There are 2 protein chains.
Amino acid sequence: MTPLTETPITTADKTFISLRKDIVEGSIAAGSKLNEAELSTKYAVSRAVIREAINKLENTNLLERKANVGAKVVTLSQSGLIQLYQVRESLEGMAARLAAANMTNNEIDQVNTLLQQHSGSVKESQRYYQEAGDVDFHYRIVLGSHNQHLISMLMNNIYHLVRMYRVQLGMAGPRVTTAFAEHQHIVQAISNRDQELAEILMRRHIAYSRNNIEQKLQDTPL
Amino acid sequence: MTPLTETPITTADKTFISLRKDIVEGSIAAGSKLNEAELSTKYAVSRAVIREAINKLENTNLLERKANVGAKVVTLSQSGLIQLYQVRESLEGMAARLAAANMTNNEIDQVNTLLQQHSGSVKESQRYYQEAGDVDFHYRIVLGSHNQHLISMLMNNIYHLVRMYRVQLGMAGPRVTTAFAEHQHIVQAISNRDQELAEILMRRHIAYSRNNIEQKLQDTPL
DNA sequence: ATAAGTATTATTGTCGACAATATTCACAAA
DNA sequence: TTTGTGAATATTGTCGACAATAATACTTAT
């Protein structure tokens with residue numbers, strides 16, 4: 001299940017999504033320079049389209065542009081990861097708080113159903129949950145905040161870069177089961193409409209998650 | 001004193017800044033549609049430049065684009081303002097926390113000096129502080145977080161829209177002196193390296209500020 | 001051999017024209 | 001009058017070419 005259905009209309013949009021995918025998954029290497037002419041032939045579109053896609057990518061924090069020089073894919077670093085997760089903790093904490101205030105009963109039921117479904121697959125294969133399940137859960141909470149700025153910032157500016165770290169550093173990890181329990185507690189707080197607790201639990205959850213990734217990063221440094 | 005010196009290089013950058021100014025200050029009306037050809041003649045640049053500027057403006061939350069239809073300046077609304085301040089509270093709270101952890105002693109000294117300077121002008125004319133002083137203070141804290149994502153999000157995605165609300169709803173307000181005291185307390189907490197308190201105080205400060213603006217909004221509804 | 005300055009090449013920025021899509025207007029039918 | 005259909009118009013999306021800037025290679029002098 002894809003949580004948010006992006007429907008690219010223009011070729012610039014499609015190119016943007018292709019480029020983003022290639023960067024996140026590393027087929028365009030971190031730190032490498034983007035040559036507009038090259039990309040133009042590679043994706044079989046005009047340079048104007050490439051430029052528009054690059055402009056859009058700039059917002060996603062996946063690359064940096066310098067005037068008259070060009071665009072470079074970001075480099076992954078420990079400090080970059082920490083900074084990213086600090087922002088995540090801040091924004092998703094607020095999202096959980098707002099979700100406790102603003103989610104409809106119907107939305108809360110759906111999240112509960114989602115967790116029940118996951119509970120099964122957690123026991124069997126831990127793999128599934130970590131990939132799609134975790135993302136799904138966080139999406140629901142963020143959308144449940146009903147705050148357009150919050151949603152846009154996390155979806156567009158944060159999550160793709162988070163995924164880039166996950167993919168390129170090969171995060172899978174044994175944190176699956178404890179993370180699942182944490183998710184349950186967060187939903188519990190939201191069900192109780194306890195804004196304060198929902199925020200605290202979500203912030204802790206993300207802080208734990210960061211520690212986990214950081215530890216992996218010690219083993220396989222950049 | 002301008003806190004962050006933007007140095008536009010290309011004509012697209014310059015046009016972007018001009019357009020942003022005109023939108024924030026309302027000479028291009030909120031809710032109005034942007035016609036690329038019109039703007040092209042108005043700013044005396046090609047349509048390509050206008051399009052690049054519009055693309056950049058999309059990130060600032062000052063306008064919305066729809067494929068094959070065009071870009072519209074955002075409309076100001078009470079719920080929009082509340083949502084904006086919720087995000088601000090979240091991000092600037094974290095910024096204050098990180099500032100308490102990461103600011104150099106030198107940076108802290110500079111903020112203290114800044115507040116002392118303001119303390120004089122607060123007694124005389126309240127006007128100055130509310131405009132430049134408040135902005136200056138918040139910039140220092142945000143920059144003091146030493147978190148690039150946080151800085152970028154607030155500077156690029158949030159503050160211009162905040163200013164648009166302020167300008168177009170004519171916020172000046174008698175909150176000057178109490179806000180000044182709040183600023184002092186925040187700096188005190190940062191000086192003490194008390195992350196927890198710095199975050200709490202900043203969040204309260206912004207919540208108060210939001211209430212203040214909301215109240216004004218009751219008097220002059222949109 | 002090295003350094004500085006200049007010429008050459010490569011790459012990004014800007015432009016005007018054309019294509020594709022959406023909007024508006026006119027007309028006809030109910 | 002209102003509604004639906006089609007043509008005409010306006011607007012955005014895409015393209016290739018040229019201009020401006022940066023990166024590279026070459027030459028020359030010390």
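Since we're looking at a predicted model, the values are computed, not measured.
Not counting sequence neighbours, the partners of B:Arg88 by the salt bridge (charged side-chain N to carboxylate O under 4.0 Å, His left out) test are B:Glu92. Every salt bridge (charged side-chain N to carboxylate O under 4.0 Å, His left out) that B:Glu25 has, sequence neighbours left out, goes to B:Lys21, B:Arg163. Taking the salt bridge (charged side-chain N to carboxylate O under 4.0 Å, His left out) definition, one finds that B:Glu52 meets it with A:Arg51, A:Arg65, sequence neighbours left out. B:Tyr159 meets the ring-ring contact (aromatic ring centres under 6.0 Å, His included) test with B:Tyr139; sequence neighbours excluded.
B:Glu199 has a carboxylate O that lies under 4.0 Å from a charged side-chain N of A:Arg203, or vice versa, which qualifies the two as a salt bridge. Ion pairing of B:Glu64 with B:Lys72 is absent here, as no side-chain N (NZ or NE/NH1/NH2) approaches a carboxylate O to less than 4.0 Å.
Using bins of under 30°, 30° to 60° and over 60° for the plane-to-plane angle, the ring pair A:His138/A:His205 lands in the parallel bin.
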Under 3.5 Å, which N/O atoms of the protein pair with N/O atoms of nucleotides 6-9 of chain C?
none

The contact string for nucleotides 12-17 of chain C, one letter per nucleotide 5' to 3', using protein heavy atoms under 4.0 Å with B, S and - for base, sugar-phosphate only and none, comes out as BBBB--
